[in-house]
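Nothing here was measured: the structure is a model prediction, and the numbers come from that model. Below, chains carry the letters A, B, ... as their sequence lines are ordered, and counting in each starts from 1.
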Amino acid sequence: MTIKAPKGTRDVLPAETPAWQYVEQKYRSVCARFNFQEIRIPTFEQTELFQRGVGDTTDIVQKEMYTFNDKGGRSMTLRPEGTAGVVRAYLENGLSSEPSPQKLYYILNNFRYEKMGKGRYREFNQMGCELFGSVESTADAEVISLLFLFFRELGLREINLKINSIGCPKCRPEYLELLRDYFRSHLNDLCDNCQDRFERNPMRILDCKDDAENAIVKNAPLQIDHLCPECQEHFDNLCNELDNLGFAYEIDGHIVRGLDYYTRTVFEFVSNNVGTQGTICGGGRYDGLIEELGGQATPAVGFALGVERLLMELNSQSVKLPSVVGPDIYLVSFPDTVNQAAKICFDLRTLNITAESNVTARSFKAQMKYADRIGAKYIVVLGEDELKSKMVKLKRMSDSREIKLRLADLANYIKEN
RNA sequence: GUGGAAUUAGCUCAGUUGGUUAGAGUGCCAGAUUGUGGCUCUGGAGGUCGUGGGUUCGAUUCCCAUAUUCCACCCCA
């Protein structure tokens, strides 16, 4: 093999697809009960959408985007995340004129040109939700409670919600000044990376793991302690609503998030097990993004959940996930009966039974072996005698028990057992 | 982006102090006389020893580069 999958991409093979389908189906089911509707959007967008939507100062836009010029010379980018595209679709299609709030969910792949690591891929999958049109903290609680129900139904344990508030355009500038003033006198005590961040985005210093044990960072003022009255009330309300719903959470003033568009609420679901890639889901409120992208000022809140990481976490917690299941029945045939077997097999499939008949030149014994290997629940041998008498012996593979029945009764028997 | 480790059959891995046709287990395919799988036995297919250079009479083995994967940082899903 000379051609390999590109770096950072991976194949999901048949052994794994049942687990993927199960998780996606469960997600759709929970979203449906919250009355979120699915939206599907293009895989690539005009580059400018992400520059403006995700934010020019973010790592994503500065160095991680898959950007190319199409044949018309337009700059296009493979989406690095879902929200910007969903907002674009929301505006472009006039969903802002549909009943508000609009509640949308998506399951899609994203692309970021990053260095590889466990749980981090260049093409990765996210399941997300966006709720447009409510400033109320009840909307924040709504999307968070959707996640709690989803995790609960999957049987996921030991996953912790961390929440924070990073203020609004009213209180953040004041806080940033306060933060810069604080760090200015301690610049030499910070790591190189953080010295860069000082000018660009001083809030990120709080998130630095190098300096996590650094007393300077530990004691730095946090936005959550310097909220304006409106933001404070919003955050307090959210906490009350989460308490009311019975959800455990931890207030963590160091959660900052990597995207520029967040305001007020930010949150993460973090795993204890997966180590450095412990963030399974991240989200928050983005009250300024829609206006930033040319729409009328519209508050919104949402999240994105990493499917690969979720599956890793489910596996590390030994949560049972579906695996490949064999067909209900395999029809063994002979060269002179193979065509009639194929016809009977087709009829069974029409009746909603998972069936397989021989499509090789295999011997009788080899067919038996194959039926066993693929996990067929039953086999039936279709030879001249059976076809003539229309009576067959149905063999259950698990215990080798055979029962005799009319060929015409085969479908019903299988359905009922 | 930084540091470290790994790369030999589909999979998990041995191995050659540099020397003719490179191994095991498992999986795959087939056989062990008549139409019944799982156990056992036998046989077969499958590898330019990640790729490209270099040293050498000779490299899968030594050296360099490069790619990919993993681990720890960074960041995030």
May I ask you to check whether A:Phe269 and A:Phe303 place their ring centers less than 6.0 Å from one another? no
Hey, is A:Phe334 stacking on B:rG35? Ring centres under 5.5 Å, planes under 30°. no
Is the CD atom of A:Glu38 crowded by more than 12 outside heavy atoms at less than 6.0 Å? yes
Using both distances under 3.5 Å as the test, list the Watson-Crick or G-U wobble partner of B:rA9, or none. none
Most 5' of A:Lys115 and A:Gln126 on RNA chain B, judged by nearest nucleotide: A:Lys115
Rounded off to whole Å, could you give me the CD-to-P distance for the A:Glu114 and B:rC70 pair? 13 Å
Mapping A:Cys281 and A:Lys395 to their closest nucleotides on RNA chain B, which lands nearer the 5' end? A:Lys395
Between atom CE in A:Met368 and atom C1' in B:rC39, what is the gap in whole Å? 15 Å
Which base sits across from B:rA72 as a Watson-Crick or G-U pair, both distances under 3.5 Å? B:rU2
Nearest-angstrom distance from the residue atom CE of A:Met116 to P of B:rA77: 17 Å
Please give, in whole Å, the distance from B:rC29 P to A:Lys365 NZ? 15 Å
Spacing of A:Ile329 atom CD1 relative to B:rU36 atom P, expressed in whole Å: 18 Å
Any carboxylate oxygen within less than 4.0 angstrom of a Lys/Arg side-chain nitrogen, looking at A:Glu48 and A:Arg52? yes
Is there a Watson-Crick or G-U wobble partner for B:rC28 with both distances under 3.5 Å, and which nucleotide is it? B:rG44
When both distances are under 3.5 Å in a Watson-Crick or G-U wobble arrangement, the nucleotide paired with B:rC57 is B:rG19
Paired nucleotide for B:rU51 [Watson-Crick or G-U wobble; both distances under 3.5 Å]: B:rA65
